[in-house]
Amino acid sequence: MITSEQVVARVKKLPTLSATMARLWALAKDDRASAADFEKVIRPDPALTANLLRVANSAYFGLRCRAESVRQAVTLLGLKRVCEVATSVAFAPVIPAKLPGYEVDASTFWTHSVAVAVFSEKLAKELAVGTPDMLFTAGLLHDIGKLVVGAFVADEQGEILRRVRQGTPFVQAEREVLGTDHCTLGAMVAQAWSLPPAVAWVARWHHQPADVPPDVDGKLVGLVHAADALAHAMGFGTDSGELAREIDGAVEQKLGVKVRRLEAVAGSTLDAIREMGSLFASASGGKR
Amino acid sequence: MPNITVDISDLQVSTDPDSTIITYALGSCIAVLVYDPVRVAGGMIHYMLPLSETAPDKAKVRPAMFADTGIPLLFQSMYAMGCEKRNMVVKVTGGGALYDDKGLFSIGKRNYTVLRKMFWKAGVIIKAEDVGGAKSRTARLHVGTGRCTVTSHGEEVEL
């Protein structure tokens, strides 16, 4: 079992998202902020600037023409969207080369994160339910709790896996063995990093969309729940629990999720996920 | 011993007896492993979805994404190397499922149903299979011997 002191100590040790990000998110909330303001914040960080342009120019973001500068990217994509791109770029170097306990390398974890972000947005479009604010970022960061819990899972992995083999869903096995799970810890990380509330909601509830409190955007959580399951089903998974996860049937009534619609989403997004997945090496600073 | 990796929505064939054809992270996707002991050749597809009608444009550029366009292509690729249908040994793995009471994510089951229908129509017999369940799998086919293995949850079994 993990004590709360151990968790807090581990969260403190975690590398944080670039300090630039907090300033960018503040700008994104400010209606008066301009592309020039944004550029001023991001320019001192050349790696972030270069990688932001690389990701912004990937086919998924569908720019009409190539953005050669941050200012151009903001003009073409909008400030909020560029903040989402910047978050994904800032997230890559934070992922450890190997997540202990989950038997997952950084590039696989990144690809899973990207797959969930992309599937979440595509699902929202396919199901015509509207795209909640921050959907891409919340999808991307839904598993941040694993960055913390991985350090504890390493010792207990055998026991978690034994329970999963016997039919226990992975998150439940985490709770039984560790006394907590990556969702609870994810919400703590989101808070420690001062991420927007949507990220904390999704990190906390993406395995239990039926239990969200009334002040949480249930549609946002439901979309990421379905997208996460789809990512695992399609082989873009991360953890040793793999497919051992429960689906909340309510996503059918609330969002209209149906198998054929999931297939349409999966079929249309494979190339985008691969392309963004392959950008990991540069986004992480080529360290891995 | 060269490894030939089959990506998602991809197929590979080989006549190199020292090679191993391998695919990772089969969730709901299915791998069909084909081996001809006379020609000493192997092939594998890792398809993602059952029917190309889901995205006909994708099927044109990535036929191995779908069972109905990819599996015939796998067999044609084997024939092109001199393999014969009567000699070919066919094995199947993948098609995993989530804990999903309502079957909202029954992509694995649909992937398997379409494959069974196609094989029934074409008179192809499945020699061995390891499908379904809440597990992700890695499949290997050793081209020199036809030995097939499936790894999941850290355990390897013969197929």
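Proteins come first, then strands; the chains are lettered A, B, ... in the order of their sequence lines, and each starts at number 1.
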Quick one: [atom1] on [X] to [atom2] on [Y], what's the gap to the nearest 0.5 Å?
X	Y	atom1	atom2	value
A/His232	B/Ser136	NE2	OG	9.5 Å
A/Leu243	B/Leu98	CG	CG	5.5 Å
A/Leu230	B/Ile107	CG	CD1	5.5 Å

Exceeds 12 heavy-atom contacts within 6.0 angstrom, atom NZ of B/Lys102 = yes

ask   = Are there more than 12 heavy atoms of other residues, nucleotides or ligands under 6.0 Å from atom NZ of B/Lys58?
value =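 Yes.
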
[options]: which one forms the most heavy-atom pairs within less than 4.5 Å of chain A?
options	value
B/Leu26, B/Asp101, B/Thr54, B/Leu51	B/Thr54
B/Gly108, B/Pro50, B/Ser9	B/Pro50
B/His46, B/Met65, B/Arg62	B/Arg62

message = Give me the atom names and distance for the closest heavy-atom approach of B/Phe105 to A/Ala229.
response =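 So the two residues come closest at CE2-CB, 3.6 Å.
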
message = Non-hydrogen contacts under 4.5 angstrom with chain B: give the residues of residues 260-271 of chain A involved, or none if there are none.
response =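 Heavy-atom contacts from residues 260-271 of chain A to chain B are A/Arg260, A/Leu262, A/Glu263, A/Ala264, A/Ala266, A/Gly267, A/Ser268, A/Leu270, A/Asp271.
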
[X]: what forms a side-chain hydrogen bond (donor to acceptor under 3.5 Å, both in side chains) with it, not counting sequence neighbours?
X	result
B/Asp10	B/Gln12
A/Lys258	A/Glu252
B/Asp68	B/Ser52

key: 4.5 Å side-chain heavy-atom contact, B/Ile8 and A/Arg274   = yes

ask   = Looking at side-chain heavy atoms only, is the closest gap between A/Glu246 and B/Asp100 below 4.5 Å?
value =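 A side-chain contact is absent here, since even the closest heavy-atom pair is not under 4.5 Å.
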
Proximal component of B/Ala59, with respect to chain A [non-hydrogen, under 4.5 Å] = neither

query = Which bit of B/Asp7 is near chain A, if near means a heavy-atom gap under 4.5 Å: side chain, backbone, both or neither?
reply =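 The answer is both parts of B/Asp7.
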
message = Checking A/Val251 against B/Leu104 for the side-chain contact (heavy atoms from CB on, under 4.5 Å) test, could you report, in this order, the C-alpha distance in whole Å, the side-chain angles of both residues, the deciding distance, and whether it holds?
response = CA-CA 9 Å; A/Val251 291; B/Leu104 297 179; 3.7 Å; yes

